[in-house]
Participant: 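Sending over a structure as C-alpha cells; questions will come in a sec.
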Amino acid sequence: MNVDSAIKLLKEYIVSQYNNSKNSIRQNISRGHLRSLSTDIEDGIAGFLLDILPEGYLAYVDVSVQIDNKKHRPDILIVDAENNVRAFVEVKANMGYCRDATKELNKILLKHKEMTSKGKITCTLSSKVKNTINYSKEVEVFLVSFTSNNCSEKKHENNRRTSESKKIKYYCLFSGWYSENLENLDIMEFANIIRAIK
C-alpha cells in the first residue's frame, strides 16, 4: 500500500475509535473521561507499519518478553520474514504525562540493551503461544507520539535532542486531536525511515 493511503487508513481508524470511546455502554452509566485510546493507537500504528512494508513482516504488539527475572512489554516489535526484529517502537497516545521523556527514554534503552544481550527473545502472546525471534543491536529503536498536542513544541524539541543522544528516534506523527482534525506532522519521515530498514 502506498504511504498516503496507509496514513489515511490510520487516521480513519483512530477517528472511529475515538468516536466509539465517547459511547456509553449503558444509558445509566456516565463517564467523566473518555476510555483510553492507547491500545487502539498501538494497534493502528502496527497496522500502518505493516501496510507500508513488504509482505512477510509481522507485528508483535504488547507481548511479554522475559529477560532473566524481568518481564518487558515492548509496545511494537516489527519482525521480518527471517524472524529478525527490525524495529522496536514505543508508542504514546500523546506526550502529556511524560513531557520530559528522559525517564521513558531510559526505560526504552534498558529494554533494548537487555533484549540485545539475549540475541534471541521469546515473546509470549495473550493466547499463551510463545514465539522466539532474533533481536540484535541493529534493531532501530523509536519513541513515537501519535499527536504533538498536550505538549509544547519546546518540550518536544528537548525530547528529540535527548532521544538523539540515546540513539532513539523520536517522532510526533500528527498534530491536532483524535477527532477529524489530525494533520500530518512527522508521519512521512517516520514512514520513510521504516521503509528504509527493510
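Every heavy atom of this structure was used, including side-chain atoms; hydrogens, water molecules and symmetry mates were not. Since we're looking at a predicted model, the values are computed, not measured.
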Participant: Report the residues that fulfil salt bridge (charged side-chain N to carboxylate O under 4.0 Å, His left out) with Glu42, sequence neighbours left out, ordered by chain and then residue number.
Facilitator: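 Glu42: no salt bridge (charged side-chain N to carboxylate O under 4.0 Å, His left out) contacts found.
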
Participant: Look at the side-chain heavy atoms of Ile, Leu, Val, Met, Phe, Trp and Tyr, link any pair under 4.5 Å apart, and say whether Val65 and Leu110 land in one connected group.
Facilitator: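 Shared cluster, no.
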
Participant: Go through the side-chain N and O atoms of Asn192 and Arg195 and say whether any donor and acceptor fall under 3.5 Å apart.
Facilitator: no

Participant: With heavy-atom distances below 4.5 Å as the criterion, would you say the side chains of Leu58 and Ile133 are in contact?
Facilitator: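 Side chain of Leu58 against side chain of Ile133, heavy atoms only: no contact under 4.5 Å found.
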
Participant: Counting distance only, does the side-chain N/O of Arg99 pair as donor-acceptor with the main-chain N or O of Asn150 below 3.5 Å?
Facilitator: yes

Participant: When Phe146 is tested against each of Trp177, Phe190, Phe174 for ring pair (Phe, Tyr, Trp, His ring centres under 6.0 Å), which residue passes?
Facilitator: Phe174

Participant: Whether the Asn134 and Asn83 side chains hold a donor-acceptor pair (N or O, under 3.5 Å, no angle test) is what I'd like checked.
Facilitator: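 Result is no, nothing qualifies.
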
Participant: Please find the pair of heavy atoms, one from Val63 and one from Pro74, that lie closest to each other, and give the distance.
Facilitator: O-CD, 3.6 Å

Participant: So, Asn181 side chain and Gly176 main chain: donor-acceptor pair closer than 3.5 Å or not?
Facilitator: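 No; zero donor-acceptor contacts below 3.5 Å.
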
Participant: Pair Asp100, Asn158 - check side-chain contact (heavy atoms from CB on, under 4.5 Å), show working.
Facilitator: CA-CA 8 Å; Asp100 175 356; Asn158 288 341; over 6 Å; no

Participant: Before you tell me yes or no, could you show the steps for Ser136 and Asn84 under side-chain contact (heavy atoms from CB on, under 4.5 Å), namely the whole-Å CA-CA distance, both residues' side-chain angles and the distance that decides it to 0.1 Å?
Facilitator: CA-CA 8 Å; Ser136 75; Asn84 300 307; over 6 Å; no

Participant: Identify the two heavy atoms, one from Thr147 and one from Ser145, that lie closest to each other, and give their separation to 0.1 Å.
Facilitator: O-OG, 2.8 Å

Participant: For the CD1 atom of Ile193 and the OH atom of Tyr171, what is their distance to the nearest 0.5 Å?
Facilitator: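 Here the rounded value is 4.0 Å.
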
Participant: With side chain to side chain contact (heavy atoms under 4.5 Å, CB included) as the test, pick out the partner of Tyr178 among Asp40, Val15, Ile41.
Facilitator: Ile41

Participant: Among all residues two or more places apart in sequence or in another chain, which pass the side chain to side chain contact (heavy atoms under 4.5 Å, CB included) test with Gln66?
Facilitator: Lys71

Participant: Is there a donor-acceptor pair closer than 3.5 Å between any side-chain N or O of Ser152 and the backbone N or O of Lys155?
Facilitator: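 A pair under 3.5 Å: yes.
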
Participant: Please name all residues satisfying salt bridge (charged side-chain N to carboxylate O under 4.0 Å, His left out) with Lys70, sequence neighbours left out, ordered by chain then number.
Facilitator: Glu114

Participant: Scan residues 164-177 for pairs that pass salt bridge (charged side-chain N to carboxylate O under 4.0 Å, His left out), counting only residues two or more places apart or in two chains.
Facilitator: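 Non-adjacent pairs meeting salt bridge (charged side-chain N to carboxylate O under 4.0 Å, His left out): Glu140-Lys169.
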
Participant: Got Ile45 and Val144 here, is their nearest side-chain heavy-atom distance under 4.5 Å?
Facilitator: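 A side-chain contact under 4.5 Å exists here.
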
Participant: So, taking the atom named CZ in Phe88 and the one named CG in Asp75, what distance separates them when rounded to the nearest 0.5 Å?
Facilitator: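 The distance works out to 7.5 Å.
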
Participant: Contact between Asn149 and Asn94 at the side-chain level, heavy atoms closer than 4.5 Å - yes or no?
Facilitator: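 Counting from C-beta outward, Asn149 and Asn94 never come under 4.5 Å.
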
Participant: Which residues pass the ring pair (Phe, Tyr, Trp, His ring centres under 6.0 Å) test with Tyr13, sequence neighbours left out?
Facilitator: none

Participant: Between Val139 and Thr116, is a side-chain contact (heavy atoms from CB on, under 4.5 Å) present by the stated rule, with each step listed?
Facilitator: CA-CA 9 Å; Val139 172; Thr116 299; over 6 Å; no

Participant: With side-chain contact (heavy atoms from CB on, under 4.5 Å) as the criterion, how do His156 and Asp186 come out once you've worked through the C-alpha distance, each side chain's angles and the decisive distance to 0.1 Å?
Facilitator: CA-CA 12 Å; His156 282 304; Asp186 297 335; over 6 Å; no

Participant: For residues Pro54 and Tyr57, report the shortest heavy-atom separation together with the two atoms involved.
Facilitator: O-CD1, 3.2 Å

Participant: State which residues pass side chain to side chain donor-acceptor pair (under 3.5 Å) with Ser38; sequence neighbours excluded, sorted by chain then number.
Facilitator: Ser36

Participant: Residues two or more places apart in sequence or in another chain: which of them pass side chain to side chain contact (heavy atoms under 4.5 Å, CB included) with Asn131?
Facilitator: Tyr60, Leu125, Val129

Participant: So how far is it from Glu189 CD to Leu173 CG, rounded to the nearest 0.5 Å?
Facilitator: 10.5 Å

Participant: Which residues pass the side chain to side chain contact (heavy atoms under 4.5 Å, CB included) test with Lys8, sequence neighbours left out?
Facilitator: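 Partners of Lys8 by the side chain to side chain contact (heavy atoms under 4.5 Å, CB included) criterion, ordered by chain and then number, come out as Glu12.
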
Participant: Under the salt bridge (charged side-chain N to carboxylate O under 4.0 Å, His left out) definition, can you give me all pairs with a residue in residues 117-137, not counting sequence neighbours?
Facilitator: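 Salt bridge (charged side-chain N to carboxylate O under 4.0 Å, His left out) check on residues 117-137 returns Asp68-Lys118.
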
Participant: Looking at Lys154 and Glu157, does any basic side-chain N land under 4.0 Å from a carboxylate oxygen?
Facilitator: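 No.
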
Participant: Are any of the side-chain heavy atoms of His72 and Ile121 separated by less than 4.5 Å?
Facilitator: no

Participant: Nearest 0.5 angstrom please: Ile7 CD1 to Asn2 CG, how far?
Facilitator: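 Atom-to-atom, Ile7:CD1 and Asn2:CG are 9.0 Å apart.
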
Participant: One thing to verify: whether Glu90 and Lys107 come together as a salt bridge, which I'm taking to mean a side-chain N less than 4.0 angstrom from a carboxylate O.
Facilitator: no

Participant: Are Leu185 and Ile194 grouped together when hydrophobic residues (ILVMFWY) are joined by side-chain heavy atoms under 4.5 angstrom apart?
Facilitator: no

Participant: To the nearest 0.5 Å, tell me how far Thr162 OG1 sits from Leu105 CG.
Facilitator: 6.5 Å

Participant: Could you see if Met188 belongs to whatever hydrophobic cluster contains Val91? Use Ile, Leu, Val, Met, Phe, Trp, Tyr and a side-chain cutoff under 4.5 Å.
Facilitator: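 The answer is yes; both residues are in one hydrophobic cluster.
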
Participant: Test: ring pair (Phe, Tyr, Trp, His ring centres under 6.0 Å). Region: residues 106-135. Which pairs qualify, not counting sequence neighbours?
Facilitator: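 Non-adjacent pairs meeting ring pair (Phe, Tyr, Trp, His ring centres under 6.0 Å): His112-Tyr135.
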
Participant: Once salt bridge (charged side-chain N to carboxylate O under 4.0 Å, His left out) is applied, do any residues pair with Lys11, and if so which ones, sequence neighbours excluded?
Facilitator: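 For Lys11, no residue satisfies salt bridge (charged side-chain N to carboxylate O under 4.0 Å, His left out) once neighbours in sequence are set aside.
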
Participant: Within this structure, what is the CG-CZ distance for the pair Leu77 and Arg86, rounded to the nearest 0.5 Å?
Facilitator: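 That separation rounds to 13.5 Å.
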
Participant: For Ala191, what residues pass the side chain to side chain contact (heavy atoms under 4.5 Å, CB included) criterion, not counting sequence neighbours?
Facilitator: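 Checked Ala191 against side chain to side chain contact (heavy atoms under 4.5 Å, CB included); matches are Val3, Phe48, Ile52.
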
Participant: For Ser148, is there any backbone N or O sitting under 3.5 Å from a side-chain donor or acceptor partner on Ser175?
Facilitator: no

Participant: For residues Leu49 and Leu9: do they belong to one hydrophobic cluster (side chain heavy atoms under 4.5 Å, members Ile, Leu, Val, Met, Phe, Trp, Tyr)?
Facilitator: no

